[in-house]
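Counting convention: from 1, in listed order, for ligands and their atoms alike. Scope of the values below: all heavy atoms of this structure, side chains included, with no hydrogens, waters or symmetry mates.
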Amino acid sequence: MTTRVWDYLPEYEKERAEILDAVETVFRSGQLVLGASVRGFEEEFAAYLGTAHCAGVDNGTNAVKLGLQALGVGQGDEVITVSNTAAPTVVAIDSTGARAVFVDVREDDFLMDTSQVEAAITPATTCLLPVHLYGQCVDMAPLRALADRRGLAVLEDCAQAHGAEHHGAKAGTLGDVAAFSFYPTKVLGAYGDGGAVVTDDAETDAALRRLRYYGMAERYYTVGTPAHNSRLDEVHAEILRRKLTRLDTYIADRRRVARRYAEGLGDTGLRLPTTAPGNTHVHYVYVVRHPRRDDIVERLKAYDIHLNISYPWPVHTMTGFAHLGRGRGSLPVTERLAGEIFSLPMYPSLPFDVQDRVIDALREVLSTL
Ligand SMILES: *Cc1c(COP(=O)(O)O)cnc(C)c1O
């Protein structure tokens, strides 16, 4: 039996009636685009997070892109972020015409090293873009203080941190604007693509609604560009509404899986994830670290266990981002990590027997390295 790092089918089997009812609800609603389901989901997701506004968009990459544009970020601007992230974070920055500037990450939790940010600020810097990677938040207080002192905007990339808390506040409420993805693997996932941008500021929200809808302030009247067609799909919005009522349960299940890994692998020499002070972890992925990562991943294939690496190539080392001018050697922690991390199967409905197979196989492989 092949063990996959992520599998939505056990969850679909459990929730099938409700998912199909969500589809039927939209198909019978009489409004297939920007209807009651998108509006309802926007209100319910904003309420869940504790933000004033939420605008549904078509995916997480465009959530980051439109979020930046709503903040006025564009050509000639610099946005400070990390290279240890999913490439779409940087694709989104690039697509606004702004330039991504990278700082390194911390050794303990692989998140933005906020102590490096001030030195990266130039007169062109307009925005700080922390990525709440793997399921927990970047240390936000120093970023907020720096942004206020230097007049910068803060956009949180929350694509991996739905429901994660930082000193009691949810990811998505800690900056000026926050971007979410509902790609199926995410902590809150649709049955296809989806995204959202949240903010407390009414004008920013109005800008987002124009940006996603041809730049129109009202029907058939475009008031400006940049503009896009980046709407959240009505079917996925209705599915997300149903799943949102269970988000805290999904997170509790992910934590249970994480605890089981910690119990089963705590004494093996693998470096297990840590949770930074003030954070709750939602374990979007369960990232472990070992200097002989490649050997371990190779040997596990004999057990038919396929692991993921998030991420094997730091963004700044990819040819597609060579124009950013940051070669190998410029971000030592990020580069070292990329050669040593790998992710174990993690999803809320991961069966115990499957997880035990992974733990047993890893223990065997690690004991014979
Ligand atoms: C998934 C992800 C995105 C992109 O989301 P899509 O919905 O796939 O476009 C952006 N940033 C991070 C950190 C992600 O994990």
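- Note: Phe180 and His162 meet the aromatic proximity criterion, with ring centroids under 6.0 Å apart.
- For residues 109-120, the pairs satisfying salt bridge (charged side-chain N to carboxylate O under 4.0 Å, His left out) are Arg106-Asp109, Glu118-Arg149, Glu118-Arg150, with sequence neighbours left out.
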Sub-3.5 Å pairs, protein N or O with ligand 1 N or O:
residue  : atom   : partner : partner atom : Å
ligand 1 : 5 (O)  : Ser181  : OG           : 3.3
ligand 1 : 7 (O)  : Gly60   : N            : 2.7
ligand 1 : 7 (O)  : Ser181  : OG           : 2.6
ligand 1 : 9 (O)  : Gly60   : N            : 3.3
ligand 1 : 9 (O)  : Thr61   : N            : 2.8
ligand 1 : 9 (O)  : Thr61   : OG1          : 2.5
ligand 1 : 11 (N) : Thr89   : OG1          : 3.4
ligand 1 : 11 (N) : Asp157  : OD1          : 3.4
ligand 1 : 11 (N) : Asp157  : OD2          : 2.8
ligand 1 : 15 (O) : Gln160  : NE2          : 2.8
ligand 1 : 15 (O) : Lys186  : NZ           : 2.7

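- Taking the six-membered ring wherever Trp is involved, the centroid distance between the rings of Phe41 and Phe182 falls below 6.0 Å.
- Two rings, from Tyr8 and Trp6, have their centers less than 6.0 Å apart.
- The shortest distance between side-chain heavy atoms of Gln136 and Phe110 does not fall below 4.5 Å.
- When hydrophobic clusters are built by joining Ile, Leu, Val, Met, Phe, Trp and Tyr residues whose side-chain heavy atoms come closer than 4.5 Å, directly or via intermediates, Tyr221 is not grouped with Tyr213.
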